[in-house]
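See below for the structure under consideration.
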Amino acid sequence: MSTSAWHTRIVCGGEVGAGFLVSARRVLTCAHVVRSSDTAEITVAFPGRRDLGAVPASVAVHGGWRGGAADPGDLAVLELAREVDVTPAAFAPPGAEHGGAELVAYGFPRGYDEGMLASYRALPGPLISGEWVQLEARTAHGQPLAAGFSGAAVTLADGTVVGMVSAIAGDRTVRVGRMLPTEVMARYWGELGELVPTPGHRPEVRRRLYGLLRRAARTGLVCDPDRLYVDAVGAFGPPLPEGGFDSLTRAAAYVQWEVPDAGAVGRFADRLAELLTAGPARPDPADGSGTTAWAPIVVEIEHSGAGTDQVTVEVFAYRDGQRRPVGARRLPRTAVRAFVQERIDEAFAQLAPDAEELITFVLPREWLNEPVARWECGPDDATPLGCAYPLVVADRARHRSGRLRHQLTKKWQKLDVGGGSALHRIGCGAPERPPSLRKRLRDHDAGLAAYAAPPTAVRPHFEAGLNVPVPVLLWPRTGCPGTGHDGPCTGEAFLDELAESVTGVPPAELPRHVRTLRETAEAADEPDRHWARDVQLLWDDPRRFPEPAASRHSPVIPVA
């Protein structure tokens, strides 16, 4: 049996690319090769094992590539419909591509379904934009990198993998390209770190670390990745990177790849093992204690730039700390609800069987009062989504801001330790000036704030809560019109009821608590008169939504 039978040819819609087997059911390739996976079937063939035929596959992990020519995260992990009896690829240590070694890529240019080989070398120097190694042809003749090489493993003479072809220069007559080295690929799929030999790290230590990470994900361990990093590197180790880490996997990968002290990996694993044995990581939801390990389904909506009525809608599901794409489309605003209903239903298939689902709408600021919690579950189920599942909204601008995500992460760490937070009321009778409100929220390090009126009625005050930032905001979606009204104030009555209801509820458990409130209101004799029927919850914990790095721009284009 061929020892290189792990090379694969991948077809998705009109795209043909390459890939390579890394386990009995997992194949690595470029995300842009399978960009049409929401509408087209993915098939994976093994040129070295034609008896296997074309094996159906699906996207299990997406690196976060967003469609731009040089956007980061152009990696996808495919899961085959069945296991294959093929020895997976083996990896070389990081950096083995340098020193002038001949590098070989096995791709599938037009007219060569059986494949072609291209010979290149890696240019010395830093990673381009911290992401890519530049490749240059060894000779002026032979097969250049061309369409069909995307996702191809880049190997040394002994067949071990050092990276993956991701792009060629815009001018296809120029024999240069780019690859994602293995240490960069591991940023977007943490499990790869277990497969790559790291100088100075014993294999058994590496395997133990990744076994513990899988256990932490499975049990829903809640801990501070930054604290584990500091414990692992010690007082004289490399400082915590700016912004910290948004997941245990990313902290572990940084220790593995970026910390010179090889012993730091073992110390990180030891500390993680202590936390896992200290007690159950996932609390019993029935007793209202502890923190739920949420598994988010995210609906992200943004203006498309194609007209005031056109928006881009993307749906993702999170599993094991990885964001899995479910569907994306540009739509008129009137078609958004039906598309979201279908894709949310599909997203549940991506969650772990015991996952605590959390529906999260990441919305433009002017959409934050949209009645998404009132949207039906589907055409055959009129139950409001907010009654069927914990459902929250998040501000898209805040969700994408590195500065605010960092500040919010620190606030959530304090809230986890404290177990609760006082409710800061923002009334409508004699509202304070927005600068005064900002100071009050900041001085009290507010974790939870509630408004007596919808955002449209108190816009400057609402933005103060978003930008301080306060992790949790609540308000009545309808009712009090804000300042200058006559008669009884429904907004103040809302704040009175809300304050009594949320007292003693940990902020991390508010999504489930608000779902219960909505369900209670819906079941009341007069639902429209119940104070909680239109409660809107903005709940924003960046640790639950690990994001890929922001897009960068370059003249380099992906290989089709």
I'd like to check [X] versus [Y] (side-chain heavy atoms, cut-off strictly below 4.5 Å). Are they in contact?
| X | Y | value |
| --- | --- | --- |
| L212 | L276 | yes |
| L248 | L228 | yes |
| I301 | V336 | yes |
| T155 | V162 | no |
| D541 | W539 | yes |
| Y254 | T249 | no |
| R544 | L358 | no |
| L123 | L135 | no |

Pair Y229 and F268, ring centroids less than 6.0 Å apart: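 That pair fails the under 6.0 Å test.
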H7 and F46 aromatic centres sub-6.0 Å: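 So the answer is no for these two rings.
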Counterpart residues, ring pair (Phe, Tyr, Trp, His ring centres under 6.0 Å), relative to H62 (two or more places apart):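 Residues passing ring pair (Phe, Tyr, Trp, His ring centres under 6.0 Å) with H62: none at all.
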Any residue meeting ring pair (Phe, Tyr, Trp, His ring centres under 6.0 Å) with F91, in chain and number order, not counting sequence neighbours: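 If we apply the ring pair (Phe, Tyr, Trp, His ring centres under 6.0 Å) test to F91, skipping adjacent residues, there are no hits.
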If every non-hydrogen atom of [X] is compared with every non-hydrogen atom of [Y], which pair is closest and at what distance?
| X | Y | result |
| --- | --- | --- |
| E136 | Y120 | C-CD2, 3.2 Å |
| E314 | A328 | CG-CB, 3.7 Å |
| H32 | S150 | NE2-OG, 2.6 Å |
| A508 | W294 | O-NE1, 3.2 Å |
| D74 | L180 | O-CD1, 3.7 Å |
| Y188 | P72 | OH-CB, 3.5 Å |

Partners meeting salt bridge (charged side-chain N to carboxylate O under 4.0 Å, His left out) with R25 (sequence neighbours left out):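 If we apply the salt bridge (charged side-chain N to carboxylate O under 4.0 Å, His left out) test to R25, skipping adjacent residues, the hits are E79.
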Does the [X] side chain pair with the main chain of [Y], one donor and one acceptor, at a distance under 3.5 Å?
| X | Y | answer |
| --- | --- | --- |
| R178 | V133 | no |
| S36 | T39 | no |
| E131 | G73 | yes |
| T29 | A18 | yes |

Rounded distance (nearest 0.5 Å) linking atom [atom1] of [X] with atom [atom2] of [Y]:
| X | Y | atom1 | atom2 | answer |
| --- | --- | --- | --- | --- |
| R49 | T87 | CZ | OG1 | 9.0 Å |
| Q341 | D381 | CD | CG | 9.5 Å |
| Q413 | R543 | CD | CZ | 6.0 Å |
| C377 | I359 | SG | CD1 | 8.5 Å |
| D38 | S58 | CG | OG | 13.0 Å |
| K410 | D226 | NZ | CG | 10.5 Å |

Atom CD of E242 with >12 non-hydrogen neighbours under 6.0 angstrom: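 Atom CD in E242 is not crowded, with 12 or fewer foreign heavy atoms closer than 6.0 Å.
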Between [X] and [Y], does any side-chain N to carboxylate O distance fall below 4.0 Å?
| X | Y | result |
| --- | --- | --- |
| R267 | D270 | no |
| R121 | E97 | no |
| R400 | E300 | yes |
| E194 | R206 | no |

Donor-acceptor pair between Q350 and R319 side chains, under 3.5 angstrom: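 Note: Q350 and R319 side chains miss the donor-acceptor criterion.
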Donor-acceptor pair between T312 and E302 side chains, under 3.5 angstrom: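 No, E302 and T312 have no side-chain donor paired with an acceptor closer than 3.5 Å.
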Intermediate values then yes/no, salt bridge (Lys or Arg N to Asp or Glu O under 4.0 Å), D71 and R66: CA-CA 6 Å; D71 285 353; R66 302 181 69 83; over 6 Å; no
From CA spacing to verdict: salt bridge (Lys or Arg N to Asp or Glu O under 4.0 Å), R512, E356: CA-CA 10 Å; R512 181 184 288 108; E356 294 284 345; 3.1 Å; yes
Side chain to side chain contact (heavy atoms under 4.5 Å, CB included) between V161 and F20, worked out: CA-CA 10 Å; V161 177; F20 50 105; 4.1 Å; yes
Salt bridge (Lys or Arg N to Asp or Glu O under 4.0 Å) between E342 and R329, intermediate numbers included: CA-CA 12 Å; E342 287 184 20; R329 191 168 300 173; over 6 Å; no
Full working for side chain to side chain contact (heavy atoms under 4.5 Å, CB included) between V362 and V393: CA-CA 6 Å; V362 180; V393 300; over 6 Å; no
Axial cation check for F316 ring with R323, 6.0 Å and 45° limits: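 Flagged: R323 positioned over aromatic ring of F316.
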Name of the residue among L78, V77, L192 meeting side chain to side chain contact (heavy atoms under 4.5 Å, CB included) with R26: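 Of all the options given, the one that passes is V77.
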Intermediate values then yes/no, side chain to side chain contact (heavy atoms under 4.5 Å, CB included), H399 and D540: CA-CA 8 Å; H399 199 69; D540 199 354; 4.2 Å; yes
Pair Y210-R214, side chain to side chain contact (heavy atoms under 4.5 Å, CB included): steps then yes or no: CA-CA 6 Å; Y210 284 89; R214 284 191 293 272; 4.1 Å; yes
Parallel, tilted or perpendicular: rings of Y389 and F348 (30°, 60°):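 Tilted: the ring planes of F348 and Y389 meet at 30° to 60°.
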